[in-house]
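All remarks here apply to the structure that follows.
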Amino acid sequence: DSWSEKRLLVRVALLGVQLTGVRLDRLGCKLTVIDGVTGKAAGLHRGFVMKGQQASLVWCPQVTVRTAVGYRCVDNLLVMSGAGKSVTLAVELDGAPFHGNARKERRRDRELGIPVLHIDATRLDDPGLITHILAWAKQMLEVA
């Protein structure tokens, strides 16, 4: 599963985007981002920053968040902003045997309380996968 996540991030990086430290709480992130080791509020987190004509996006890999139930690690946390609003999203890579229980995944998605896009890890080589993810994120911003 982690190799799939790394392969996806390589595809994002190949877009020529900047990887930099970001403060997700200041960008409108709807989740409480924490340090995965200490459990304390996170300061800077690494993220790919993208700016389009209509919106900006920060794409952060492996983010630990605090929910009402406990700590969760999100494969990819996205914060998209534009037209005076922002939306927090998650992109999860689903690869057996790590994501074999659909009921458990749905419960986890509800616990996060944000839109979650599940991508089957076997689709990583599909042409247009990143474009698909970005279009989904833009659509989520439009309906927010």
Side-chain angles (χ1 to χ4, degrees), residues 1-15 17-52 54-124 126 128-144:
D1 196 39
S2 65
W3 280 108
S4 299
E5 294 165 13
K6 290 173 187 168
R7 288 176 56 210
L8 178 62
L9 291 177
V10 167
R11 283 162 178 71
V12 173
L14 288 173
L15 295 174
V17 296
Q18 179 78 26
L19 178 64
T20 189
V22 294
R23 294 192 181 276
L24 291 168
D25 58 337
R26 294 185 184 170
L27 296 175
C29 183
K30 305 293 188 258
L31 298 176
T32 303
V33 179
I34 60 167
D35 182 295
V37 176
T38 67
K40 295 180 181 178
L44 287 177
H45 196 80
R46 67 193 183 287
F48 293 101
V49 179
M50 304 175 210
K51 183 167 173 48
Q54 300 171 348
S56 297
L57 175 81
V58 175
W59 182 313
C60 296
Q62 293 296 311
V63 177
T64 304
V65 299
R66 181 181 299 123
T67 70
V69 176
Y71 301 137
R72 297 285 182 220
C73 186
V74 178
D75 287 349
N76 299 277
L77 184 67
L78 285 61
V79 178
M80 181 173 256
S81 303
K85 56 186 175 178
S86 68
V87 64
T88 304
L89 310 163
V91 176
E92 294 289 324
L93 282 176
D94 297 338
F98 303 102
H99 299 273
N101 186 330
R103 179 186 292 158
K104 185 177 176 182
E105 294 296 322
R106 285 190 300 273
R107 185 175 65 237
R108 182 181 181 278
D109 292 352
R110 284 190 305 273
E111 182 184 326
L112 289 173
I114 60 173
V116 179
L117 177 64
H118 289 269
I119 302 289
D120 189 298
T122 61
R123 292 191 52 214
L124 283 176
D126 287 359
L129 178 62
I130 300 298
T131 302
H132 169 74
I133 294 169
L134 295 175
W136 171 79
K138 185 174 181 289
Q139 180 184 18
M140 294 296 105
L141 178 64
E142 290 170 355
V143 298

Side chains of Lys6 and Pro61: does their closest heavy-atom pair fall under 4.5 Å?
no
Is any side-chain heavy atom of Trp136 closer than 4.5 Å to a side-chain heavy atom of Val91?
yes
CA sep, side-chain torsions, deciding dist, call: Met140, Met80, side-chain contact (heavy atoms from CB on, under 4.5 Å)
CA-CA 9 Å; Met140 294 296 105; Met80 181 173 256; over 6 Å; no
Any heavy-atom pair between the side chains of Ile133 and Leu8 that's under 4.5 Å?
yes
What one should report as the nearest heavy-atom pair of Cys29 and Leu77 is SG-CD2, 3.8 Å
For residues Leu27 and Ser81, report the shortest heavy-atom separation together with the two atoms involved.
O-OG, 3.9 Å
Closest approach of Thr67 to Arg72 (non-hydrogen atoms, all atoms of both residues):
CG2-CG, 4.1 Å
With rounding to the nearest 0.5 Å, note down the distance linking OG1 in Thr122 to CG in Leu93.
10.5 Å
Any side-chain heavy atom of Arg108 within less than 4.5 Å of one from Val116?
no
The complete set of salt bridge (Lys or Arg N to Asp or Glu O under 4.0 Å) pairs with one or both residues in residues 132-144, sequence neighbours excluded, reads Lys138-Glu142
Verdict with supporting geometry, His118 and Asp109, side-chain contact (heavy atoms from CB on, under 4.5 Å):
CA-CA 10 Å; His118 289 269; Asp109 292 352; 2.6 Å; yes
Between atom CG of Leu134 and atom CE of Met50, what is the distance when rounded to the nearest 0.5 Å?
5.5 Å
Please check: side-chain N/O of Arg66 versus main-chain N/O of Gly39, any donor-acceptor pairing under 3.5 Å?
yes
Which heavy atom in Phe48 sits nearest to a heavy atom in Ala13, and how many Å separate them?
CE2-CB, 3.8 Å
Measure across Asp35 and Thr38 and return the closest heavy-atom pair with its distance rounded to 0.1 Å.
OD1-N, 3.0 Å
Tell me, do Leu117 and Leu89 make a side-chain contact under 4.5 Å, heavy atoms counted?
no
Short side-chain to backbone donor-acceptor contact, Arg7 and Ala121, under 3.5 Å
no
Quick one: are Glu105 and Glu92 in side-chain contact, heavy atoms under 4.5 Å?
no
side-chain contact (heavy atoms from CB on, under 4.5 Å) evaluation trace for Arg23 with Leu44:
CA-CA 5 Å; Arg23 294 192 181 276; Leu44 287 177; 3.6 Å; yes
As an exercise, state the distance from CD1 of Ile34 to SG of Cys73, rounded to the nearest 0.5 Å.
10.0 Å
Quick one: are Ser4 and Leu124 in side-chain contact, heavy atoms under 4.5 Å?
yes
Calculate, to the nearest 0.5 Å, the distance between atoms CD and CG belonging to Glu5 and Asp75 respectively.
4.0 Å
Does NZ in Lys51 sit with more than 12 non-hydrogen atoms of other residues, nucleotides or ligands closer than 6.0 Å?
no
Are Asp126 and His132 linked by a side-chain donor-acceptor pair shorter than 3.5 Å?
no
Starting at CG of Leu24, measure out to OG1 of Thr32 and round the result to the nearest 0.5 Å.
11.5 Å
Smallest separation among heavy atoms of Cys60 and Gly47, with atom names
SG-CA, 3.7 Å
Leu9 and Asn76, any side-chain heavy atoms less than 4.5 Å apart:
yes
